Amino acid sequence: MKYIFKLTLFLVFSLTIFSIYIFSDNQIVKAEDRITISGLYRIENVYSKLYLDIEDGSNAVGALAIQAQGSDNSSQIFKISKDTSLRYIISIEKNLKVIEIKVNPDDELSIIQQGEFSGDFNQVWDIRVLSDDSVVFINYLTNEVIGIDEGELNSGSFVKAQEYVGTDNQKWILEPVGEIITNNPGTENISKTESIGILQNINSTLSDLSLIQIIIGVIFIFVFLFFALGQLLYGFRIKPRLIVKGKLFYKPLTREDEKFINYLDFKRKRHQRIVISFDQQYKKADFYIGGGLQDFQLIFEKVSEMNLPHFLEGYRSFNKDKNPIKIRVTATEPGILNFGEFVYSKHFIVDGSKFNSGGILFRYVENEK
């Protein structure tokens, strides 16, 4: 249970860190929420109180976006709708052309204009609702926002793409016009209120992720699942094999010719590490043996021969022959282990192994018949 608790705690912690990184907003606007309803709007600048418009009400491709006094001109009515990526398209109601950033390195992508719908990233926008109910339009290609020059209050002045700084000249008020609809440019009209649910919100969140975040997310999930599965395999296939079993028979070395009578039953402890002490004052021991010549401990534990990280041992559990588990005995100082003519501080033992330590003769029996 302790192992399962640790594994669960690790999984929860890892998923929390992953969620914070992936689902935290990577866009430039921080104090906002996502707009959830598409429809027809007139769009007023918070700073100038002028409305988004197209110069001279033109229908021409490349006509520039301006700010102008409010009017019933249909070039001031914009349709906000989602595209297939769940981001937004801003189209002019009168001609179905869309608001885009002009892709031209010479002017550093600063021009906002209307163009034919193509679905390119320079026509795709994130729309964020700020705490004051104003919105910011963020271009998916450049991460720039639609704004006007600070101090520009003249009707007919150009609207530009700008780096977001959070000032009022980059904020807009959406004034609904008529029925709320959800039709997209280039698709059949759909006239009904947009359905908003958990699945849609998840899809919308996922659509905000950059390619780098998606790649990192996929790699993280793969590594996480690989590690978690290995840990689970270790917990269910390796840990039970690490429990020290069998019996340790013992007698004074001076009675070497006599039969073993006394023994310690490791199995009933169900520990992965058995400690035998010659010192009754050592409180952490599983067993105590009196009559030793010195005060030290013998430690019996099962270890994998390859000593791999736990999750890798989990995968290796399907091939026991290539990663065998052996039982090892260790004598703490000043104790030693005497195996016939050889002396060790630690040594592997098998069923039937005999050794003496501290004036006591031991015989390990793993599977008593």
Side-chain angles (χ1 to χ4, degrees), residues 35-84 87-103 110-129 133-141 144-149 152-162 168-194:
I35 189 170
T36 56
I37 297 180
S38 303
L40 295 178
Y41 297 94
R42 296 170 74 241
I43 303 174
E44 180 187 28
N45 187 266
V46 171
Y47 177 76
S48 67
K49 306 302 180 183
L50 300 176
Y51 288 84
L52 186 64
D53 202 342
I54 300 299
E55 189 175 23
D56 299 326
S58 173
N59 292 324
V61 171
L64 300 180
I66 62 171
Q67 62 174 359
Q69 293 291 338
S71 70
D72 293 332
N73 187 345
S74 58
S75 63
Q76 287 189 4
I77 299 177
F78 296 86
K79 182 187 303 179
I80 297 177
S81 52
K82 283 187 177 180
D83 71 350
T84 55
R87 290 185 172 83
Y88 291 91
I89 301 297
I90 306 170
S91 59
I92 298 89
E93 175 65 9
K94 66 176 290 189
N95 56 31
L96 297 184
K97 291 180 174 61
V98 298
I99 295 296
E100 64 181 15
I101 290 183
K102 182 179 180 181
V103 182
S110 62
I111 295 177
I112 301 292
Q113 64 181 24
Q114 70 177 4
E116 296 289 353
F117 176 74
S118 64
D120 293 335
F121 288 155
N122 66 312
Q123 298 179 343
V124 181
W125 306 84
D126 277 327
I127 302 178
R128 305 288 172 160
V129 180
D133 292 329
S134 64
V135 302
V136 176
F137 300 99
I138 311 165
N139 188 262
Y140 183 58
L141 177 66
E144 293 177 299
V145 299
I146 299 177
I148 61 173
D149 288 335
E152 183 58 78
L153 300 174
N154 295 324
S155 179
S157 58
F158 294 115
V159 173
K160 299 179 179 180
Q162 302 172 338
D168 285 348
N169 58 300
Q170 297 177 340
K171 301 177 182 179
W172 303 84
I173 299 295
L174 298 181
E175 296 182 0
V177 177
E179 184 181 8
I180 301 300
I181 59 176
T182 60
N183 50 309
N184 298 335
T187 65
E188 295 183 1
N189 290 341
I190 302 174
S191 173
K192 285 192 181 181
T193 303
E194 186 174 356

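This one's a predicted model, so the numbers in the text were calculated from it and none came from an experiment.
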Does either side chain, that of [X] or that of [Y], offer a donor lying less than 3.5 Å from an acceptor on the other one?
| X | Y | result |
| --- | --- | --- |
| Q170 | Q162 | yes |
| S48 | Q67 | yes |
| N154 | E152 | yes |
| S118 | D120 | yes |
| Q69 | S155 | no |

Given I89 and V124, is the side-chain contact (heavy atoms from CB on, under 4.5 Å) satisfied, shown in steps? CA-CA 6 Å; I89 301 297; V124 181; 4.2 Å; yes

Mind listing the closest non-hydrogen atom pair of [X] and [Y] along with its distance?
| X | Y | answer |
| --- | --- | --- |
| N59 | Q114 | C-NE2, 3.3 Å |
| W172 | I148 | CH2-CG2, 4.4 Å |
| G115 | V61 | CA-CG1, 4.2 Å |

Might you work through the side-chain contact (heavy atoms from CB on, under 4.5 Å) test for N139 and V145, ending with a clear yes or no? CA-CA 6 Å; N139 188 262; V145 299; over 6 Å; no

Measuring from atom [atom1] of [X] to atom [atom2] of [Y], what distance do you get when rounded to the nearest 0.5 angstrom?
| X | Y | atom1 | atom2 | answer |
| --- | --- | --- | --- | --- |
| F117 | S91 | CZ | OG | 9.5 Å |
| L50 | I66 | CG | CD1 | 9.5 Å |
| N169 | Y47 | CG | OH | 7.5 Å |
| N95 | S75 | CG | OG | 8.5 Å |
| I112 | K102 | CD1 | NZ | 12.0 Å |
| S81 | I90 | OG | CD1 | 9.5 Å |

With a 4.5 Å limit on heavy-atom distance, are the side chains of [X] and [Y] in contact?
| X | Y | result |
| --- | --- | --- |
| V46 | I173 | yes |
| I99 | I146 | yes |
| E93 | L40 | yes |
| V177 | Y41 | no |
| I127 | I80 | yes |

For the NZ atom on K160, are there more than 12 heavy atoms of other groups (residues, nucleotides or ligands in this structure) within a distance under 6.0 Å? no

Salt-bridged, K49 to E44, with N to O below 4.0 Å? no

Candidate pair W125 and I138, rule side-chain contact (heavy atoms from CB on, under 4.5 Å), full reasoning: CA-CA 5 Å; W125 306 84; I138 311 165; 5.7 Å; no

Among D53, I92, I54, which residue satisfies the side-chain contact (heavy atoms from CB on, under 4.5 Å) criterion with Q76? D53

Yes or no on side-chain contact (heavy atoms from CB on, under 4.5 Å) for Y140 and I101, after CA distance, side-chain angles and deciding distance? CA-CA 10 Å; Y140 183 58; I101 290 183; over 6 Å; no

